[in-house]
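Below, chain A is the first sequence line, B the second, and so on; all start at residue 1. This structure is a prediction, so every number in the text was calculated from the model and none was measured.
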Number of protein chains: 2
Amino acid sequence: MVQYDSSTLDTALAALADPTRRGVLERLSEREATISVLAERFDMTLTGMKKHIAVLEHAGLVSTRKVGRVRQCSLGPHHLGDLSAWIENYRAKWEARFDALDVVLAGSPKEENENGQG
Amino acid sequence: MVQYDSSTLDTALAALADPTRRGVLERLSEREATISVLAERFDMTLTGMKKHIAVLEHAGLVSTRKVGRVRQCSLGPHHLGDLSAWIENYRAKWEARFDALDVVLAGSPKEENENGQG
DNA sequence: GCAACACTGAACCTAATGGTTCAGTATGAT
DNA sequence: ATCATACTGAACCATTAGGTTCAGTGTTGC
């Protein structure tokens with residue numbers, strides 16, 4: 001049984017939920033870049049971009065290293081494996097659920113109630 | 001070339017970034033439930049849970065129907081296919097990137113600069 | 001009809017996000 | 001040494017997110 005770390009998923013998904021950050025990842029998948037380059041590319045201040053990079057780095061999606069006065073950013077150690085596995089797991093359940101609709105529509109709808117209130 | 005709708009990814013990822021909402025999906029993957037049941041399960045008010053459901057529904061991850069005075073919630077029409085595809089695409093790039101490290105470390109590091117700022 | 005139930009909506013609160021500016025600090029080039 | 005570059009950090013700001021309470025609205029059951 002696969003164990004998904006909730007906080008890892010949290011940080012990864014939250015990091016990916018922002019289009020700018022997805023753009024940065026896309027950009028970095030081509031080649032590494034400095035904060036300045038990314039900031040200019042996405043039309044924001046260095047400080048703003050640095051925050052995005054911090055989020056991505058915290059999520060393990062980007063790794064950085066200081067080279068002289070620039071900071072080189074590249075894709076990080078997180079291979080998205082956990083996330084991918086989690087999503088796939090859900091996809092399977094989803095499809096099973098929808099397949100089950102046929103059965104339900106054909107047979108007896110098994111009503112269940114677990115609500116013990118009132 | 002696959003085209004990913006940015007706003008669709010935004011809403012899906014943002015919806016999934018919250019642990020409570022992932023919990024709700026997990027719960028719904030077993031069987032459908034009302035707002036009350038989910039609210040009690042996740043220890044929050046009806047109103048609070050309804051907001052989460054609204055987010056999930058907006059993202060297409062949950063669908064609901066009013067039955068008498070209760071609202072039944074179940075897994076929605078969104079099969080996570082787009083998201084899954086997007087993640088997988090990245091995973092591939094990630095791994096290619098890391099494989100490429102071997103080449104880079106063995107050969108000539110191709111330095112590129114696209115920053116035109118002066 | 002009337003009470004209890006399940007949800008809904010508006011208003012509000014707090015904390016986090018995404019962005020800024022401004023003032024450093026460290027590095028590279030002259 | 002000095003100046004420009006590239007980043008860093010603190011402080012600030014507006015918006016959104018996650019949650020609440022409170023006051024309805026529509027259903028169910030007696």
**Prompt:** Can you check the Asp10(A) CG to dT17(C) P distance for me, whole Å?
**Reply:** 10 Å

**Item:** For atom NZ of Lys50(A) and atom C1' of dG18(C), their distance in whole Å
**Value:** 15 Å

**Message:** Whether Arg65(A) and Glu32(A) form a salt bridge (side-chain N of Lys/Arg under 4.0 Å from carboxylate O of Asp/Glu) is what I want to check.
**Reply:** yes

**Complete:** Hits for side chain to side chain donor-acceptor pair (under 3.5 Å) against Ser84(B), two or more places apart or cross-chain, chain-then-number order -> Glu88(A)

Any N/O pairs under 3.5 Å between the protein and nucleotides 21-30 of chain D? List them or say none.
{"from": "dT21(D)", "atom 1": "O4", "to": "Thr47(B)", "atom 2": "OG1", "distance (Å)": "3.3"}
{"from": "dT27(D)", "atom 1": "O2", "to": "Arg69(B)", "atom 2": "NH1", "distance (Å)": "3.2"}

**Message:** According to side chain to side chain donor-acceptor pair (under 3.5 Å), who are the partners of Arg22(B), at least two apart in sequence or on a separate chain?
**Reply:** Ser6(A), Asp10(A)

**Request:** Look at the side-chain N and O atoms of Arg71(A) and state whether any lies under 4.0 Å from the OP1 or OP2 oxygen of dT8(D).
**Result:** yes

**Prompt:** Please give, in whole Å, the distance from dG18(D) C1' to Phe42(B) CZ?
**Reply:** 15 Å

**Message:** Expressed as a whole number of angstroms, how long is the span from Ile53(B):CD1 to dG9(C):C1'?
**Reply:** 17 Å

**Request:** Tell me which of Ile35(B) and Leu46(A) sits closer to the 5' end of DNA chain C, going by the nucleotide each one is nearest to.
**Result:** Ile35(B)

**Request:** Report the distance from atom CE of Met49(A) to atom P of dG9(D), rounded to the nearest whole Å.
**Result:** 17 Å

**Request:** Using side chain to side chain donor-acceptor pair (under 3.5 Å) as the criterion, list what pairs up with Thr8(A), not counting sequence neighbours.
**Result:** Asp5(A)

**Asked** Is the Tyr90(B) ring parallel, tilted or perpendicular to the Trp94(B) ring (thresholds 30°, 60°)?
**Response** perpendicular

**Asked** Expressed in angstrom and rounded to an integer, what is the separation of Gln72(B) atom CD from dC5(C) atom P?
**Response** 18 Å

**Message:** dA17(D), OP1 or OP2 - any side-chain N/O from Lys51(B) closer than 4.0 Å?
**Reply:** no

**Complete:** Whole-Å distance, Asp18(B) CG to dT16(D) P, equals 18 Å

**Closest to side chain of Val70(B), choosing from dG19(D), dA6(C), dG19(C)** = dA6(C)

**Item:** salt bridge (charged side-chain N to carboxylate O under 4.0 Å, His left out) partners for Arg21(B), two or more places apart
**Value:** none

**Message:** Going by the rule side chain to side chain donor-acceptor pair (under 3.5 Å), which residues pair with Ser63(B) if we only count those two or more places apart in sequence or in a different chain?
**Reply:** none

**Request:** Using whole Å, report how far CG of Leu38(A) lies from C1' of dT8(D).
**Result:** 16 Å

